[in-house]
> 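A single structure is presented below for examination.
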Amino acid sequence: MSQNTIRIATFNVNSIKARLPRVTEWLEEAKPDVALLQELKCADESFPHFEIESAGYKAEIHGQKSYNGVAILSRHPIEDVRRGLPGADEMGDDADQARYIEATVKGIRLASIYLPNGNPAPGPKFDYKLRWMERLRAHVAETLLPSERPLALGGDYNVCPTDRDVHDPTGFAEDALCRPESRAAFRALLNLGLTEAWRALHPNAEGKYSYWDYGAGAWQKDNGLRIDHFLLSPQAADRLVECEIDRRPRGREKPSDHTPVVVELTVD
DNA sequence: ATGACTTTCAGCGAAAGA
């Protein structure tokens, strides 16, 4: 007896308008049930709903002009949408940054996350990154995990979890993506009981990346970083079938600097 | 090599990205 599965992708598109041909052709070929997008760089009212619906997807948006912006695209109904993490009021400086959207699809609680980059580090942007990560940790601990439901948090975490996830560990040692504080905050999420899906299925892999800089021939030389991840609650990790990096979109004309990561989970 | 590339902005150079 075969089981039904759901395929969920995460993709930092680096402008949904500039990337629309890449995104629609990838949706047509990869056909994920859900696509979590980051860096839309557009306001809610200018999101290209017509083209996305024509590809077969409904979209819930948390947009922002010029910067940031996240979305949940789905071929199935999207329920109980939440925009933004709790705690913005205490932050003082980020009430507007559109970096988090959460919703339920087919009984799975999903989030699309665009974690702050944090460079240059040290500095105020790095402090902001660490505060944002603590807000995410608190929300997962206080609200999401206690529900004891399947939970998949996908997105651009802007963290290389270990040196195996960086083409040049020495050169990036002081970078906000690789610094010990960033990695400790990422491990604090895992220590709540979350599973990093790709690493769980590829425990010994090195040199597998989800981002390549536009410059210096980084893609051609495979000088990349693995910073796009899925974190799963125990109830979702028990359903984990597969997690793969889809390199195809990065090699095409006018690509995003990121490429999608796809996770497959069984559903009832 | 003080670089490299891309996107946005009521732009015309600068900021941000990672």
Side-chain angles (χ1 to χ4, degrees), chain A residues 10-24 26 37-48 51 61-71 93-94 96-100 112-133 136 154-183 185-186 207-229 245 247 249-261:
Chain A
T10 180
F11 190 6
N12 178 321
V13 297
N14 185 15
S15 168
I16 186 62
K17 289 185 215 170
R19 215 64 58 212
L20 198 50
R22 293 290 79 76
V23 172
T24 53
W26 165 71
L37 306 186
Q38 300 89 34
E39 274 211 275
L40 305 176
K41 294 187 173 179
C42 82
D44 289 356
E45 57 269 26
S46 54
F47 184 85
E51 291 84 348
I61 311 302
H62 187 27
Q64 183 178 340
K65 187 179 179 182
S66 305
Y67 305 109
N68 309 314
V70 286
D93 57 354
D94 86 315
D96 313 298
Q97 293 198 21
R99 296 180 175 275
Y100 186 90
S112 178
I113 290 171
Y114 178 44
L115 215 142
N117 173 305
N119 279 309
K125 292 192 174 185
F126 189 59
D127 296 341
Y128 172 57
K129 175 181 194 161
L130 296 179
R131 291 202 306 277
W132 204 94
M133 293 185 82
L136 176 61
D156 175 3
Y157 282 76
N158 270 316
V159 176
C160 298
T162 72
D163 279 353
R164 293 176 298 177
D165 304 306
V166 199
H167 74 277
D168 178 12
T170 305
F172 275 81
E174 302 301 315
D175 190 280
L177 281 61
C178 297
R179 287 181 69 98
E181 302 94 324
S182 305
R183 288 178 170 172
F186 189 80
K208 300 296 184 182
Y209 308 124
S210 64
Y211 163 89
W212 298 259
D213 192 276
Y214 281 126
W219 167 250
Q220 287 75 13
K221 299 175 191 168
D222 201 20
N223 289 342
L225 308 167
R226 197 172 69 86
I227 55 177
D228 299 274
H229 309 298
I245 300 168
R247 292 168 56 98
R250 184 61 179 83
R252 293 180 177 141
E253 291 298 308
K254 300 283 285 181
S256 170
D257 39 6
H258 295 249
T259 212
V261 178

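Computed from a predicted model, the values in this text were never measured in an experiment. Order of the sequence lines fixes the chain letters, A, B, ..., with proteins taken first and strands second; residue numbering starts at 1 for each chain.
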> Mind calculating the distance between CD (Gln220(A)) and P (dC5(B)) to the nearest angstrom?
11 Å
> If you round to the nearest 0.5 Å, how far is CD1 of Ile16(A) from CD of Glu51(A)?
9.5 Å
> For Leu225(A) and dC5(B), give me the distance from atom CG to atom C1', rounded to whole Å.
15 Å
> Taking atom P in both dA1(B) and dT6(B), what distance in whole Å separates the two?
23 Å
> What does Asn12(A) touch in the nucleic acid at a heavy-atom separation under 4.0 angstrom: a base, only the sugar-phosphate, or nothing?
sugar-phosphate
> Between Lys221(A) and dA4(B), does any side-chain N or O lie under 4.0 Å from OP1 or OP2?
no
> Give the nucleotide from the list dC5(B), dA16(B), dT7(B) with an atom nearest to the side chain of Tyr214(A).
dC5(B)
> Which whole-number value in Å describes the distance from Tyr67(A) OH to dC9(B) C1'?
8 Å
> Is it the case that Asn223(A) and Trp212(A) place a side-chain donor and acceptor less than 3.5 Å from each other?
no
> For Lys41(A) and Asn14(A), which I'm curious about, is there any donor-acceptor pair between the side chains at under 3.5 Å?
yes
> OP1, OP2 of dA16(B) versus side-chain N and O of Lys41(A): anything below 4.0 Å?
no
> Could you tell me whether Lys129(A) contacts a base, only the sugar-phosphate backbone, or nothing, with contacts defined as non-hydrogen atoms closer than 4.0 Å?
nothing
> Name the nucleic acid region contacted by Asp213(A), choosing base, sugar-phosphate or nothing; use a 4.0 angstrom heavy-atom cut-off, strictly under.
nothing
> Which part of the nucleic acid, if any, lies within contact of Tyr114(A), taking any heavy atom under 4.0 Å across all strands shown: a base, the sugar-phosphate backbone alone, or nothing?
sugar-phosphate
> With heavy-atom distances below 4.5 Å as the criterion, would you say the side chains of Ser182(A) and Phe126(A) are in contact?
yes
> With side-chain contact (heavy atoms from CB on, under 4.5 Å) as the criterion, how do Tyr157(A) and Gln38(A) come out once you've worked through the C-alpha distance, each side chain's angles and the decisive distance to 0.1 Å?
CA-CA 10 Å; Tyr157(A) 282 76; Gln38(A) 300 89 34; over 6 Å; no
> Pick the closest DNA chain B nucleotide for Ser15(A) and for Pro116(A) by heavy atoms, then say which residue is nearer the 5' end.
Ser15(A)
> Which part of the nucleic acid, if any, lies within reach of Asp156(A) when heavy atoms closer than 4.0 Å are counted: base, sugar-phosphate only, or nothing?
sugar-phosphate
> On DNA chain B, check which nucleotide each of Gly215(A) and Asp175(A) is closest to and give me the residue with the more 5' one.
Gly215(A)
> Rounded to the nearest 0.5 Å, how far does CH2 of Trp132(A) lie from CG of Leu115(A)?
5.0 Å
> If the cut-off is 4.0 Å, is Ser66(A) near the phosphate of dT7(B), judged by side-chain N/O to OP1 or OP2?
no
> dT7(B) P sits how many Å from Glu253(A) CD, rounded?
12 Å
> When the distance from CG of Leu115(A) to P of dG17(B) is rounded to whole Å, what number comes out?
12 Å
> Considering only the P atoms, how many Å lie between dG13(B) and dT2(B), rounded to the nearest integer?
24 Å
> dA16(B) C1' sits how many Å from Gln97(A) CD, rounded?
11 Å
> Given atom NZ of Lys65(A) and atom C1' of dG11(B), what is their separation to the nearest angstrom?
12 Å
> I need the CD-P distance between Gln38(A) and dG17(B), as an integer number of Å.
15 Å
> Say we look at dT7(B) and dC12(B): how far apart would their C1' atoms be, to the nearest angstrom?
16 Å
> If we take the P atom in both dA10(B) and dA16(B), what is their distance in whole Å?
15 Å
> Give the nucleotide from the list dA4(B), dG17(B), dT7(B) with an atom nearest to the side chain of Ala216(A).
dA4(B)
> Does Arg19(A) make a side-chain N or O approach to OP1 or OP2 of dT7(B) shorter than 4.0 Å?
yes
